[in-house]
Amino acid sequence: MTTTHSDDDSLGFGTRTVHAGWEPDPLTGAVMPPVYLTSTYVQDAPAEPRNGYEYSRTQNPTRFALERALAELEGGARGFAFASGMAAIHTLLLTLERDDLVVAGDDLYGGTHRLFGRIEARLGLRFHYVDTTDPAVLADLPADTRLLYLETPTNPLLKVTPLAAAIEGARRVGAEVAVDNTFASPALQNPIALGADVVVHSTTKYVAGHSDVVGGALVVADAERAEAVAFHQNSAGAVAAPFDSFLTLRGLRTLEVRMQRHCENARRLARFLEAHPKVESVIYPGLASHPQHEVAAAQMRDFGGMLCFEVVGGEAAARRVVAALRVFQLAESLGGVESLVELPGPMTHASVPPERRRELGIGDGLVRLSVGIEDGADLEADLARALRTA
Ligand SMILES: *Cc1c(COP(=O)(O)O)cnc(C)c1O
């Protein structure tokens, strides 16, 4: 029987992605894990479970396959799958102590900002927001920082944090580092390889990739932290369901080819939009005009499928463009095979106060694209036609 060692570093990322987390089932040879729809497992004698399986919140073979796959692809000691990205982040913070200081990036996913500010702060954690793209800030973190929490690239402004500098700055004050790797996915960036302690994913996005499941994950670098996360995952209980785990693993198998097409299409559209007279500005880490283009080029294998642009004529013009698009569908979320468009101001980032949005640079005419894997020519033609109405 052949076995594939998906954690074998000599194999390419695409090969490891296809095989990660699962060896063909010894009984049947099944190449994908069965969906173990069971809540409990028969024991041979009291407190003598078979192969350790007692109860599905604690152990489920389908979820374990996904968790192993994510750990292998991010290069961590262990992975954990949750019911959503928010559940993953909440569980990570449960491993901290009351009064611990979390230093977080100032441009975070809106739901993460809400979780920190309205729930975790009430439960006793302290938060301090900084511009993690600034090396001077990273070199001078507060001495009592327990956790540095950041996203790169960020949503929606695609700001890029220099990960090596962030990790070095955190080490200097004895802090741990967690990186939300949702926008890059393990195909483009592996923070643990650069020294991060924890990687966070909303697997809802690129990892699952088909807009058919909500999920989240944590991958931890070392076994000690794995113990703490395992305890809190089981005790708080926001685990990924078996069928959701299956869908996420099924989506993950094609991550590398999807990501190649997402990047190729986004690069094409970024260049097209940058040259368009009705476009004020384009934000894409792959453009030389992006303020952290060099940093992105150094730490990412490609620049991702997300881009933003501002239409000449502000919000009214942006609304006309969005209404005229046909291939791009108006919806929140991202990372699926289909192209989506949204206006962060009135939609995903509506919970950010308007003056704060302006400070951050989220203008009312900002349009965010999640560039899908359709034919690039069709996407470009769709934008060209819609921009004629602006
Ligand atoms: C969507 C998202 C989350 C939240 O994940 P859910 O699966 O929606 O709970 C967290 N971080 C980032 C960067 C996201 O895009």
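Atoms within a ligand are numbered from 1 in the order they appear, just like the ligands themselves. Quick caveat, the model's predicted, so the values are computed rather than measured.
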(Q) I'd like to check which ligand 1 atoms, numbered from 1 as shown, lie under 4.0 Å from a non-hydrogen atom of Gly215. (A) 7 (O)
Q.
Listing request: all ring-ring contact (aromatic ring centres under 6.0 Å, His included) pairs with a residue in residues 140-199, at least two apart in sequence or in separate chains.
A. Phe116-Tyr149
What is the nearest protein non-hydrogen atom to [atom], stated with its residue, atom name and distance?
| atom | value |
| --- | --- |
| atom 14 (C) of ligand 1 | Lys205 NZ, 3.0 Å |
| atom 6 (P) of ligand 1 | Gly85 N, 3.3 Å |
| atom 13 (C) of ligand 1 | Asp180 OD2, 3.4 Å |
| atom 5 (O) of ligand 1 | Ser202 OG, 3.0 Å |

Does any N or O of ligand 1 fall below 3.5 Å from an N or O anywhere on [X], backbone included?
| X | value |
| --- | --- |
| Thr112 | no |
| Phe183 | no |
| Ile89 | no |

Q) Under 6.0 Å between ring centres, would you say that holds for His201 and Tyr206? A) no
Q) What are the two closest heavy atoms between Arg146 and Thr95, and how far apart are they? A) NH2-O, 4.0 Å
Extract all donor-acceptor atom pairs below 3.5 Å that involve side chains of residues 187-196 and protein atoms in other chains or at least two apart in sequence.
{"residue": "Gln189", "atom": "NE2", "partner": "Thr152", "partner atom": "O", "Å": "3.1"}
{"residue": "Gln189", "atom": "NE2", "partner": "Asn181", "partner atom": "OD1", "Å": "2.9"}
{"residue": "Asn190", "atom": "OD1", "partner": "Arg301", "partner atom": "NH1", "Å": "3.4"}
{"residue": "Asn190", "atom": "OD1", "partner": "Arg301", "partner atom": "NH2", "Å": "2.8"}
{"residue": "Asn190", "atom": "ND2", "partner": "Leu73", "partner atom": "O", "Å": "3.2"}
{"residue": "Asn190", "atom": "ND2", "partner": "Glu74", "partner atom": "OE1", "Å": "3.0"}
{"residue": "Asn190", "atom": "ND2", "partner": "Pro186", "partner atom": "O", "Å": "3.3"}

Q.
I'd like to know if the side chain of Thr58 pairs up with that of Tyr53 as donor and acceptor (distance under 3.5 Å, no hydrogens or angles considered).
A. no
Q. Among side-chain atoms of Thr182 and Glu151, is any donor-acceptor pair under 3.5 angstrom?
A. no
